[in-house]
Amino acid sequence: MAKLKIGVLISGRGSNLQALIDAAADTAFPATIATVISNEPDVAGLARAQAAGIPTATINHRDFPDRAAFEDALHAALGEAGVELVCLAGFMRLLTEGFVGRWWDRLINIHPSLLPAFRGLHVHEAVLAYGARFSGCTVHYVRPAMDDGPIIVQAAVPVLADDDADQLAARILAEEHRIYPLAVRLIAEGRVRVEGERVQVANAKAPGTSLLNPLPD
Ligand code: GAR
């Protein structure tokens, strides 16, 4: 079967992009990365894509008079590459309703919290300040509001008593690298449907256990 063509939008380090590159290196993976586009020049994620032989583009938002013109250029580049699913992977520009509308249910994002808790920036600091016992990460369809939209996959991790934001971020990042390829695979296999703004995953298996934190003595 033909592989789903994805376009990955990045702004920086690109470790989630790398997880997708690594997953797509398996011939059995049902999606292929058609293009990687960064709004920031010379970032590590672009080098990762180039090392994997994936076409890249830099579309610097500063080169455009307004958001609409920037997004028109993004849209055109994605179309030229034949992209069918857009994956935001640490893409740090808010996308307008116009762009989101053009890619409705074909645009996904990864966010380092258990949405809808802890949207926005400085997520791990906010989780620690609140004293949440669990955090995690979410892959979701993008809607016009920030970090909003139907949830496809989540992973939960415990928050430890002596965590700092970097330690918590690292624990969550390891899970991000598992759930982003999983979400793309489920979509590419045609198992994901959005119904009434909730995602249904065909033949989904759920974990059989609950977690407590702290554990009883
Ligand atoms: C990731 O932790 C991702 O979840 C987060 O930025 C990081 C990018 O890392 N995204 C957001 O906060 C979006 N709201 P990466 O460039 O190494 O993939």
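As the structure lists them, so they are numbered: ligands from 1, and atoms in each ligand from 1.
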Review point. So how far is it from Glu176 CD to Thr138 OG1, rounded to the nearest 0.5 Å?
Key: 9.5 Å
Exercise for review: May I ask you to check whether Ser135 and His124 show a side-chain donor-acceptor distance below 3.5 Å?
Suggested key: no
Check your understanding: Between Leu9, Leu46, Val36, Asp22, which is the residue that forms a side-chain contact (heavy atoms from CB on, under 4.5 Å) with Leu17?
Key -> Val36
**Study point:** Side-chain heavy atoms of Leu160 within contact of Gln167, under 4.5 Å
**Key:** no
**Study point:** Residue contacts for ligand 1, heavy atom to ligand atom, distance under 4.0 Å
**Key:** Arg13, Gly14, Ser15, Asn16, Gly90, Met92, Ile110, His111, Pro112, Asp147, Leu173, Glu176
Point to revise | By salt bridge (Lys or Arg N to Asp or Glu O under 4.0 Å) - contacts of Arg198 (at least two apart) | key: none
Review point. Salt bridge or not for Arg102 and Asp72, using N-O below 4.0 Å?
Key: yes
